Structures are given as C-alpha cells and as structure tokens.
2 protein chains.
Amino acid sequence: MREGNGKIRVIVAEDQGMVLGALAALLETEPDIAVCGKAANGREALTVIAKQKPDVLVTDIEMPEMTGLTLAAEVRQRHPQTRVVILTTFARPGYLRRALDAGAKGYLLKDRPAAELAEAVRRVHRGLRVVDPDLAAEAWDSGPDPLTERERQILWRAGEGKSSLEIAEELRLSEGTVRNYLSEAISKLGAANRIDAARIARAKGWL
Amino acid sequence: MREGNGKIRVIVAEDQGMVLGALAALLETEPDIAVCGKAANGREALTVIAKQKPDVLVTDIEMPEMTGLTLAAEVRQRHPQTRVVILTTFARPGYLRRALDAGAKGYLLKDRPAAELAEAVRRVHRGLRVVDPDLAAEAWDSGPDPLTERERQILWRAGEGKSSLEIAEELRLSEGTVRNYLSEAISKLGAANRIDAARIARAKGWL
DNA sequence: AATCGGACGTGACAGATGTCATGATTCTTT
DNA sequence: AAAGAATCATGACATCTGTCACGTCCGATT
C-alpha cells in the first residue's frame, strides 16, 4: 500500500470485501507488483486513482454506485496513464464489447487460474491487450446487441415480474405499446416468452 | 501447502480459480494459519480432506459436482474432526438454515471485510460458532421454506421461462395441475405472478 | 378408525400475454 | 428529397395464465 521501487503499482476495485482483500493479498505475493490502493465501488476507485496515479486498475464490473464499465470509461478520460483490467464472473459477450469500447485493455474471468491475474497485470502494463480467447470468439459470432433502448427498459422490468400494465404506467406508455415492444424483443432474441427473452438477454450481457 | 507447526490447517473449496487462489493467499498471510489444500468443487474437496485431515474447511456454496451444503453434510459424517465454514455471496435465509442443518459451524458472507475470514477460522477452530448476525435475524423472522418439493420443481422451471404445458410434459403432469401448483406457490409467497414468485424464492434460498 | 397434508386431476372463467396489421411522428442517413 | 429506424399508438384475435370449486388417492399421525 506504499512505495513502489520500480514495481507495477496497482489499484483493485471490488465490492465484496472478502474478495477485495484476497485479491490484494494475491497480488502482493508477486515481487514485481505493489497494491497501492483498494476501493469498494467505482466512485471510491476514482478518488483513489486521482491520488495514487497507479499503473494499472483491476476492477470488477457489477458494483454499487458506479459500474466497472462506467469506471473504465471515466479512467480513460481523466487518467489515460492508468490501464484498466476488467475482472469479472461473467462471460457475457455484451460486457466484453462494452468493456473494450470503454477503453479497457484487459478482460479476465474469475474462474481462470489465480496465476493469470498477475500475468495479465504485467502484460497490460507492457501495453499489450489481454482478452479471454474463448469469450472473444463467442462475442464475435454472437453479434451485436439487437435491442433498442426502449426494448431493454421494458424487458428489464418484465424480467422483474412486472405486468405489461405496470410497466406501461411506470414508463407512461399504453399497455399495447408495451406488449408490442415485448413481442419485438421476444422475436429478436428467438425466445418463447418474456421470461425466456429476459434470461437470454441477461446471459448475453445486454440487460 | 505443507507442514503445520501448531498452525491451524485449512482447506479452501471454491470454484472460481481466481478467488480460490486469492483466498488462499489471504489466509497464508496469517502467521497462525496454514493452507494445506485447495479444491475447485465438492468432490475434489472430499478427496483432499481425506488425505489432509485439516482442522477447518472453508467452502463456497454454489459449485459444480457437489454443493458446499452437501459437502458440509458429508464432512460431518466422514470427517467429524474437520469443522466447516461456509463462505458465500448469498445472504439467503434458506441457505443459512440448510448450512446449519448440515452441521456447518460458520456462515460468512463474501461482502464482509477480509479480516473477518481469518478471525472466523480461528473461532471455529476453538469450537465456537460464527454466523453473520444480520442474516441470522432475517432467517429467524422469514420463517421456514413454505414450498413443497413439487412446487419447487415447477417454480424452478417456470423461472426458466418454460410454459405450463412444457412443464407438464416434462414432469408427466396435466397442464391444469401445473397451473394449480404455480397458483399455490404464488399465493404462499405473496407474489404477483410466476416470475415474481421465482424471484422471491430465489432470494430466500428456497429454489 | 378418523384426520390431515401432499400429490394429482377436471372444468370453468376472467384477465394477461403474444401476435399482427396498420398507421402517425420524428430523427438520421443517404 | 427519400428512405430507414425508433417511438408510440389502436384494434382484434388466439392462446396462456391465475384462480376457484370440487374431487380422488395415498401415507403418516393421532
């Protein structure tokens, strides 16, 4: 958490305290890496980065306050010298695509061996990209997000168990319009009904 | 991973390789704790435990091959000298109840501070119980699982987006019966529809 | 022997859902 | 200026869902 005698200076952002501490401990076992800060969400991470100006940020995606994806975009704008590695549970093509669009240099899955984390940090620090190859392939042939913003809003709410009428009132639409959007989403995703459609969209990282 | 000169000997089971390695690294930083084995699922954990006879097993719940809950029950039977600490993301009353029924001595959430893990291991090793207090309170007043086995089976499939007819065919029931069970589940859970019911049941740890 | 809960069924009905045709409006791109 | 896409709408229709009343059968408890 202090000086870096030529070491790669890293900040870790992750909302699960236990995992945050554990990842930091893991990186600290590497002789050429120093963890110079931790954060429990995106907003916190931005503050710490402004102070520490680290070489690399390792961040989860799903966090309160500010998503890792939003965080990556902010870091690119405000602290371009800090390279971002996304570290997440989710092998979702949509997440990968958004991460790369947001300027992330690495996308790593939590179910890979622990040794890959340090290796990814080193590579990204050297200016290389690190992307899980299987996921990259899947992202390639699963195509882009076919949903419009409205469809996404409505499908999201449908997935929470809300009825067409409830969704219509919430978004100030007519019930028929909501049913139309859902019908569109169902057909675009090749789903059998709204629940199925929400599941598929979630799995792809489109919700 | 080797000798334990009076140290507490611990095995960690967790399916996400990165988290597994990180948790091990975290525990290894403690002077009185030694990690003598790792496992990526329940079955693997049983093998390692038979060899190592550790003092404490720290295990996740949701793993392939064998759940942490099943694992806890097996360990109580076959290796009663090993005490079990469940370490999970999910603050679900149903999980806690099942964990305690399975003989686990500790139930810890991954979003607690990292320092609590070592402390929990020490306490459990001393014969004490460690249960997240908030979760324990919630478990107490949320009552027991109200669903019957059939209702659970059917609600699970409904949550996957299957129609009543599909579920009926899969379970060799009439469509009307499936609708009746769903109706029962919806009313027991105070839900608005099948999607809502599945959400609630999942959140409680009953699915 | 009587009671109770779980599993399973039917029939009927109202309301929710999914589909389709058809159209208006607006904004962007060619 | 024309074409395309996204937003929003209506009406009509068939199907799916959720509820209720009312049963049967079985195994465990009393």
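Quantities reported herein were computed from a predicted structural model and do not represent experimental measurements. We name chains A, B, ... by the order of the sequence lines, and we start the count at 1 in each one. These values consider heavy atoms only, across backbone and side chains, with no hydrogens, waters or symmetry-generated copies.
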Integer-rounded Å distance: [N] [atom2] and [X] [atom1]:
| X | N | atom1 | atom2 | value |
| --- | --- | --- | --- | --- |
| A:L155 | C:dG18 | CG | C1' | 14 Å |
| B:Q153 | C:dG6 | CD | P | 15 Å |
| A:R179 | D:dC8 | CZ | C1' | 14 Å |
| A:R194 | D:dT17 | CZ | C1' | 11 Å |
| A:K162 | C:dA16 | NZ | P | 17 Å |
| A:I186 | D:dC16 | CD1 | C1' | 12 Å |
| A:I154 | C:dG18 | CD1 | C1' | 14 Å |
| B:E184 | C:dG9 | CD | P | 16 Å |

Which of these nucleotides, [options], is closest to any side-chain atom of [X]?
| X | options | answer |
| --- | --- | --- |
| B:T148 | D:dT17, C:dG6, D:dC13 | C:dG6 |
| A:R150 | D:dA12, C:dA12, D:dC8 | D:dC8 |
| A:T177 | C:dA16, C:dG18, D:dC8 | D:dC8 |
| B:N180 | C:dG6, C:dT10, D:dT17 | C:dT10 |

Is [X] salt-bridged to [Y], going by a charged N under 4.0 Å from an acidic O?
| X | Y | answer |
| --- | --- | --- |
| B:R122 | B:E119 | yes |
| B:E14 | B:K110 | yes |
| B:D132 | B:R112 | yes |
| A:R92 | A:E62 | yes |
| B:K188 | B:E151 | yes |
| B:R152 | B:D145 | yes |

Exercise. Could you verify whether a donor N or O on one side chain and an acceptor N or O on the other, from A:R194 and A:S164, lie under 3.5 Å apart?
Key: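 A:S164 and A:R194 do have a side-chain donor-acceptor pair below 3.5 Å.
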Self-check item: Distance, nearest 0.5 Å, that separates CG of B:L71 from CE of B:M66
Solution: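 Rounded to the nearest 0.5 Å, the CG-CE separation comes to 6.5 Å.
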Quiz item: If you round to the nearest 0.5 Å, how far is CD of B:E169 from NZ of B:K162?
Solution: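 Going from NZ on B:K162 over to CD on B:E169, the span is 11.5 Å.
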Quiz item: Is NZ or CZ of A:R98 both nearer than 6.0 Å to the six-membered ring centre of A:Y95 and within 45° of the ring axis?
Solution: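 So A:R98 doesn't make the cation-pi contact.
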Quiz item: What parts of residues 169-176 of chain A reach DNA chain D, counting only heavy atoms under 4.0 Å away?
Solution: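 Nucleic-acid contacts, sorted: A:L173, A:S174, A:G176.
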Exercise. By nearest nucleotide on DNA chain C, pick out whichever of B:N193 and B:K188 is the more 5' one.
Key: B:K188
Self-check item: A:Y181 vs B:L182, nearer the 5' end of DNA chain D by closest nucleotide
Solution: A:Y181
Quiz prompt | Any A:S164 side-chain nitrogen or oxygen under 4.0 Å from OP1 or OP2 of C:dT17 | solution = yes
Quiz item: Hey, can you pull the residues of residues 196-207 of chain A with a non-hydrogen atom under 4.0 angstrom from DNA chain C?
Solution: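 Within residues 196-207 of chain A, no residue comes under 4.0 Å of DNA chain C.
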Practice problem: Kindly determine whether A:L147 and A:L155 satisfy side chain to side chain contact (heavy atoms under 4.5 Å, CB included), including the steps that lead there. | Solution: CA-CA 10 Å; A:L147 301 175; A:L155 190 54; 4.2 Å; yes
Self-check item: Touch class at under 4.0 angstrom, heavy-atom based, for B:S183 against every strand present
Solution: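 Base, at least one base heavy atom under 4.0 Å.
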Quiz item: So how far off straight is the helix from C:dA1-D:dT30 to C:dT30-D:dA1, going by the axes through five pairs at either end, to 10°?
Solution: 40°
Quiz item: Are there more than 12 heavy atoms of other residues, nucleotides or ligands under 6.0 Å from atom CZ of A:R76?
Solution: yes
